[in-house]
Amino acid sequence: MRQVFVDTVEEVMRHDPRVAVVLAEISRDAFRPQERVVNVGIREQAMVGVGAGLALAGMRPVVHSYAPFLVERPFEQVKLDFGHQDVGGVLVSIGASYDDPAWGRTHQAPGDVALFDTLPGWTVHVPGHPEEVGPLVRRALAGDDRVYIRLSLRRNASPHPVVEGFTEVRRGARGVVVAVGPVLDTVLAATAGVDVTVLYATTVRPFDAAGLLAAVRGGRANDVLLVEPYLEGTSAHLAAEALADVPHRLRSLGVRRGAELRAYGTAEDHDSAHDLDVPGVAAAVRRMFGPPAAAA
């Protein structure tokens with residue numbers, strides 16, 4: 001995903017003089033040296049501030065680093081320099097929740113999307129395949145709004161069309177499972193044989209309330225399982241708001257709250273610890289929707 005992001009930005013930069021890239025050492029060798037690629041060194045707060053300053057000057061800044069260095073460490077600058085000044089920019093992260101656990105807790109950011117929920121006016125994209133990255137990046141660079149794109153080393157086997165709302169991947173009657181970005185393949189494996197609708201999202205903010213409501217009303221049961229590759233329950237408040245007038249059950253899977261894993265292990269180990277692997281998601285599916293038809 002990162003390489004597609006870099007290639008797409010460099011392609012757009014050739015014909016759009018507004019676009020400039022601001023880095024803080026991370027990915028400095030991925031971009032070709034030029035005057036509109038600025039490396040501020042290991043100064044993440046300055047990186048975000050410089051990006052916002054470029055936006056104030058009429059540029060379209062692309063600010064890029066690992067998620068904790070882009071969102072958590074300089075959060076005050078994201079809040080004030082972009083949000084309070086009401087300027088646009090494209091923030092693009094790598095590392096996701098725990099793509100590189102060998103680097104330790106410093107490189108893990110399961111709470112990044114939840115943090116953006118505290119700020120108004122941000123669009124959030126979570127692609128699940130490298131081929132979904134290019135269209136999302138081009139769309140973001142062409143606009144003037146505030147966009148966060150969350151890239152990952154994790155990926156689904158196949159891409160899906162990039163749309164603003166949910167894409168229906170499978171239709172069923174016993175409830176709805178929402179899969180965000182790179183967890184789709186896990187969800188499809190975990191729901192095999194279960195009569196549920198599976199919705200796929202690459203854009204999670206704004207949240208497709210109308211799409212979720214339509215999917216729920218299209219089945220026989222008003223039960224929803226959210227499976228997100230970041231902090232558990234991040235979108236639960238938006239799903240509950242969408243279904244406020246519909247009696248329903250809602251459950252969330254994601255990186256568990258209060259689970260501080262100090263043995264770094266592999267990304268797959270973290271999936272297992274948070275029940276975000278196929279057995280963990282399948283167990284949640286069985287508890288909520290019942291067993292697959294063949295095992296009923």
Side-chain angles (χ1 to χ4, degrees), residues 1-83 85 87-100 102-109 111-113 115-116 119 122-127 130 133-134 136-154:
M1 289 192 192
R2 174 160 50 170
Q3 191 60 54
V4 174
F5 152 65
V6 171
D7 293 344
T8 303
V9 170
E10 290 190 327
E11 175 191 337
V12 173
M13 289 178 75
R14 286 196 288 269
H15 61 77
D16 188 345
R18 296 190 314 148
V19 177
V21 177
V22 189
L23 308 171
E25 294 297 333
I26 302 298
S27 299
R28 65 178 185 178
D29 296 327
F31 288 91
R32 298 182 183 90
Q34 60 157 296
E35 63 179 6
R36 282 186 285 139
V37 176
V38 180
N39 179 17
V40 303
I42 307 175
R43 299 175 179 88
E44 287 82 5
Q45 290 93 337
M47 172 184 68
V48 174
V50 167
L54 289 170
L56 283 168
M59 304 291 285
R60 185 61 168 162
V62 178
V63 187
H64 168 64
S65 188
Y66 269 84
F69 311 145
L70 180 66
V71 181
E72 295 177 330
R73 186 173 297 172
F75 184 69
E76 182 180 15
Q77 284 69 39
V78 174
K79 178 180 71 175
L80 298 179
D81 296 356
F82 278 100
Q85 296 190 112
V87 295
V90 184
L91 275 57
V92 182
S93 72
I94 54 173
S97 293
Y98 43 72
D99 278 359
D100 292 309
W103 293 104
R105 188 67 173 91
T106 58
H107 284 60
Q108 299 172 19
D112 55 345
V113 177
L115 280 172
F116 276 106
L119 304 176
W122 283 90
T123 295
V124 178
H125 300 302
V126 186
V133 174
L136 292 172
V137 171
R138 287 189 184 89
R139 181 189 304 168
L141 294 179
D144 294 302
D145 55 344
R146 292 185 289 278
V147 181
Y148 177 53
I149 302 177
R150 189 185 209 255
L151 305 181
S152 178
L153 293 174
R154 321 301 289 277

* Non-neighbouring partners of Glu10 that pass side chain to side chain donor-acceptor pair (under 3.5 Å), sequence neighbours left out -> Arg32
* To do: Name all residues meeting the side chain to side chain donor-acceptor pair (under 3.5 Å) criterion together with Ser65; count only those two or more places apart in sequence or in a different chain, and write none if there are none.
  => none
* Asked: Hey, are Arg28 and Glu25 close enough for a salt bridge, meaning a charged N less than 4.0 Å from a carboxylate O?
  -> yes
* Asked: Is Asp144 paired with Arg18 through a side-chain N to carboxylate O contact shorter than 4.0 Å?
  -> yes
* What residues form a ring pair (Phe, Tyr, Trp, His ring centres under 6.0 Å) with Phe116, not counting sequence neighbours? -> Trp122, Tyr148
* Can you name the residues that form a ring pair (Phe, Tyr, Trp, His ring centres under 6.0 Å) with Phe31, not counting sequence neighbours? -> Phe5
Does any part of the side chain of [Y], heavy atoms only, come nearer than 4.5 Å to the side chain of [X], both counted from C-beta?
X	Y	result
Phe69	His107	yes
Met13	Val9	yes
Asp99	Ile94	no
Val133	His125	no
Arg43	Pro74	no

* For Glu72, what residues pass the side chain to side chain contact (heavy atoms under 4.5 Å, CB included) criterion, not counting sequence neighbours? -> Pro68, Ala109, Leu115
Under 3.5 Å, side-chain donor or acceptor atoms of residues 57-64 against the rest of the protein: list the pairs with distances, not counting sequence neighbours.
{"unit_1": "Arg60", "atom_1": "NE", "unit_2": "Ala140", "atom_2": "O", "d": "3.1"}
{"unit_1": "Arg60", "atom_1": "NE", "unit_2": "Gly143", "atom_2": "O", "d": "3.0"}
{"unit_1": "Arg60", "atom_1": "NH1", "unit_2": "Asp145", "atom_2": "O", "d": "2.7"}
{"unit_1": "Arg60", "atom_1": "NH2", "unit_2": "Ala140", "atom_2": "O", "d": "2.7"}
{"unit_1": "Arg60", "atom_1": "NH2", "unit_2": "Asp145", "atom_2": "O", "d": "3.1"}
{"unit_1": "Arg60", "atom_1": "NH2", "unit_2": "Asp145", "atom_2": "OD1", "d": "3.2"}
{"unit_1": "His64", "atom_1": "ND1", "unit_2": "Val92", "atom_2": "O", "d": "2.9"}
{"unit_1": "His64", "atom_1": "NE2", "unit_2": "Ser27", "atom_2": "OG", "d": "2.8"}

* Do side-chain atoms of Arg105 reach the backbone of Gln108 as a donor and acceptor pair under 3.5 angstrom? -> yes
